[in-house]
Chemist: 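Take a look at the following structure, please.
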Amino acid sequence: MSTSLERTARDLASAMAGLDLKGRIRAIEAAIPGRLVFTTSLGIEDQALTHALAMAKGRTEIVTLDTGRLFPETYDVWAETESAYGIRIQAYAPERLAEEAFVREEGINGFRHSVAARQACCGFRKVEPLGRALDDAAGWLTGLRAGQSTNRADTPLAEADEARGLIKINPLADWTRADVDRFVIDNYIPYNVLHDRGFPSIGCAPCTRAIKIGESERAGRWWWEQESKKECGLHVHQPEANVQPGQEAAAFESTPPNSNLEMAR
């Protein structure tokens, strides 16, 4: 890993720690002179960041990974966001031949056959398009928070991403979900209506359900898998290519349970 990359990430994280979101955006753009990319999933954290970036009118590009399996409500908030801020969110789609091959070999919902199949689906729908989105980028902004799951508990404000040769920045890493909700409410930010229906974390439609009372925020993502495997590969440094015994998918839960959790508004 480049020592200068590590140093820049460490210094940036230190500088961001005492700033509000507006100040953090300014600090990021001042610290990293190269191409900056924010990848939004159009979830509530990312909507907060989109608002801050749009208001800053800086040089950070806002892009999204259009997997082809998103909820209709996600496409609705995408269009609403572009209209509200007068921006375009650039889409990166799966490579056609990879998608066709997967569906031909595994079936339209073949990602439920095993963890390996699901990781393969995430691979061509998310990881490969992300690689294109971050091509030549010096900095990558995300909406990750430490409180989203145990897998993300040590999320820093900024870190050196050795594999991609850039600095990964998580401006909301130390925010709570209550902080995010309040920011969205106070600033009249468009958000996905599924958040009001018990979906704190929203991904592809067939791989996301509402959470049950008492479950963690990301419990509804790939809910048929063991908790330790519930990442798509975008935010892990070394995604596991092989599935060990005992990590195969559990029985598919055909009817997602409803949740009584709602975001106060």
Side-chain angles (χ1 to χ4, degrees), residues 37-43 46 62-79 89-137 140 142-144 148-149 151-152 161 163-164 168 192 194 199 201-211 218-256:
V37 178
F38 166 47
T39 52
T40 175
S41 68
L42 300 155
D46 291 342
I62 303 176
V63 309
T64 195
L65 308 178
D66 183 3
T67 66
R69 301 299 302 268
L70 302 178
F71 285 94
E73 291 87 349
T74 301
Y75 290 109
D76 289 343
V77 77
W78 181 349
I89 299 173
Q90 182 176 347
Y92 286 82
E95 197 277 324
R96 178 179 62 83
L97 294 179
E99 180 173 12
E100 291 175 356
F102 180 87
V103 173
R104 181 173 63 250
E105 294 168 10
E106 299 287 346
I108 188 62
N109 286 343
F111 45 80
R112 294 197 180 113
H113 295 164
S114 69
V115 174
R118 196 272 296 164
Q119 289 174 338
C121 188
C122 289
F124 75 79
R125 292 190 188 278
K126 291 183 171 184
V127 179
E128 190 278 332
L130 175 69
R132 286 186 275 118
L134 296 179
D135 187 34
D136 297 328
W140 172 26
T142 85
L144 296 184
Q148 287 172 325
S149 69
N151 288 337
R152 298 181 176 183
D161 188 326
R164 297 183 176 91
K168 184 177 180 182
N192 195 321
L194 291 175
F199 291 76
S201 179
I202 303 169
C204 291
C207 296
T208 311
R209 65 156 169 82
I211 65 171
R218 288 177 59 81
R221 304 293 294 277
W222 311 293
W223 68 93
W224 62 90
E225 293 182 10
Q226 293 186 14
E227 186 68 28
S228 64
K229 292 292 176 178
K230 294 169 70 169
E231 288 286 351
C232 63
L234 298 182
H235 300 296
V236 292
H237 295 292
Q238 292 181 323
E240 295 182 30
N242 299 316
V243 179
Q244 301 300 316
Q247 294 295 349
E248 293 82 3
F252 171 54
E253 187 175 332
S254 59
T255 305

Chemist: If you round to the nearest 0.5 Å, how far is SG of Cys121 from CD of Glu106?
Modeler: 9.5 Å
Chemist: Under a 4.5 Å cut-off applied to non-hydrogen side-chain atoms, are Lys168 and Leu134 in contact?
Modeler: no
Chemist: Decide yes or no for Trp223 and Ile211: does some side-chain heavy atom of the first lie under 4.5 Å from some side-chain heavy atom of the second?
Modeler: no
Chemist: Salt bridge (Lys or Arg N to Asp or Glu O under 4.0 Å), that's the test. Do Glu100 and Arg104 meet it? Break it down for me.
Modeler: CA-CA 6 Å; Glu100 291 175 356; Arg104 181 173 63 250; 5.5 Å; no
Chemist: Answer whether the closest heavy-atom distance between the side chains of Thr39 and Trp140 falls below 4.5 Å.
Modeler: yes
Chemist: What is the ring orientation for Phe71 with Phe199, classed by angle as parallel under 30°, tilted 30 to 60°, or perpendicular over 60°?
Modeler: perpendicular
Chemist: Verify, without hydrogens or angle tests, whether Arg112 (side chain) and Pro206 (backbone) share a donor-acceptor contact under 3.5 angstrom.
Modeler: yes
Chemist: Is the backbone N or O of Ala93 less than 3.5 Å from a side-chain atom of Arg132, with the two atoms forming a donor-acceptor pair by type?
Modeler: yes
Chemist: Would you name the heavy atoms of Cys207 and Phe111 that are closest together and state the gap between them?
Modeler: SG-CE1, 3.6 Å
Chemist: Please name the pair of heavy atoms, one in Thr67 and one in Arg125, separated by the smallest distance, quoted to 0.1 Å.
Modeler: O-NH1, 2.8 Å
Chemist: Name the residue from Asp46, Leu42, Asp76, Ile202 that meets the side-chain contact (heavy atoms from CB on, under 4.5 Å) definition with Asn192.
Modeler: Ile202
Chemist: If I compare all heavy atoms of Gly143 with all of Phe38, which pair ends up nearest, and what's the gap?
Modeler: N-CE1, 4.2 Å
Chemist: Would you name the heavy atoms of Ala133 and Val37 that are closest together and state the gap between them?
Modeler: O-CG2, 3.9 Å
Chemist: What heavy-atom pair brings Pro94 and Glu99 nearest, and what distance separates the two atoms?
Modeler: CB-OE1, 4.2 Å
Chemist: How far does OG1 of Thr74 sit from CZ of Arg69, to the nearest 0.5 angstrom?
Modeler: 13.0 Å
Chemist: Looking at CG of Asn109 and CZ of Arg118, how far apart are the two atoms once the value is rounded to the nearest 0.5 Å?
Modeler: 14.0 Å
Chemist: Could you tell me the separation between the CZ atom of Arg221 and the SG atom of Cys204, rounded to the nearest 0.5 Å?
Modeler: 7.5 Å
Chemist: Any donor-acceptor pair under 3.5 Å linking the side chain of Thr64 with the backbone of Thr40?
Modeler: yes
Chemist: Do Cys122 and Trp222 come within less than 4.5 Å of each other through their side chains, counting heavy atoms only?
Modeler: yes
